[in-house]
Amino acid sequence: MAQTVADAAERRWAVVVGAIIVALIAMMVVTGVHWSAMPPSRVETVDVKRLHLEGEFVESNLGTVLGDDGKVVVRLVAQQYSFEPQCIVVPAEMPVTFRATATDAIHGFVVGKTNANTMLIPGFVATFTTSFKTAGEQLMPCHEYCGTGHEAMWARVQVLEPQEFLAKAKGGERMSCVPR
Ligand code: CUA
């Protein structure tokens, strides 16, 4: 009698443990397949030592530009302890591509409560495309601990109505909302 009770208890545990193992394997398979269906974007590198002298991230090329193809691209650089430009202009309701890198340490940023969020690693170009639902001003803090000035490192993002943005963006010039 005691033996059959023990056997039944043993069998129940075997079922529970078996179910846990099946669930864990299923999680591994699902996340593995999901990630290979959504691979991280390709790696793009940039020479940190020549960043400010030539190429895409020279100071005069930073900021927001409306290309001839109608695409909006924001280029920015992070360094201890600021972003360049300090105030970024983007349109609402239009795709905006960010291209950014860091000069000295690992930084990062997130724009308000939007999904615009990336790490910035020296030597690598971080890029993503997003769109902002509503016009207004957002804060853009650095969110990777980068040194003693980390908590003072942030920029502002002005999200403009599309018409207002397009009116300002004529001529392909690099825009920002830094007061001058
Ligand atoms: Cu830059 Cu924290």
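Indexing begins at 1, ligand by ligand and atom by atom, following the structure's order. For reference, positions follow the sequence shown, starting with 1.
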Geometry at atom 2 (Cu) of ligand 1 - C142 SG versus E144 O angle, rounded to 10 degrees: 90°

Least distance between heavy atoms, P122 atom then V48 atom: C-CG2, 3.8 Å

Mutual orientation of the aromatic rings belonging to F109 and F98 [parallel < 30°, tilted 30-60°, perpendicular > 60°]: tilted

Heteroatom of H107 nearest to atom 1 (Cu) of ligand 1 (N, O or S, atom name): ND1

With atom 2 (Cu) of ligand 1 as the apex, the ND1/SG angle for H150 and C146 - to 10°: 120°

Distance (rounded to the nearest 0.5 Å) between T4 OG1 and R11 CZ: 9.5 Å

Pair F124-T101, side chain to side chain contact (heavy atoms under 4.5 Å, CB included): steps then yes or no: CA-CA 6 Å; F124 295 90; T101 190; 5.5 Å; no

N, O or S from M153 under 2.8 Å to atom 1 (Cu) of ligand 1: yes

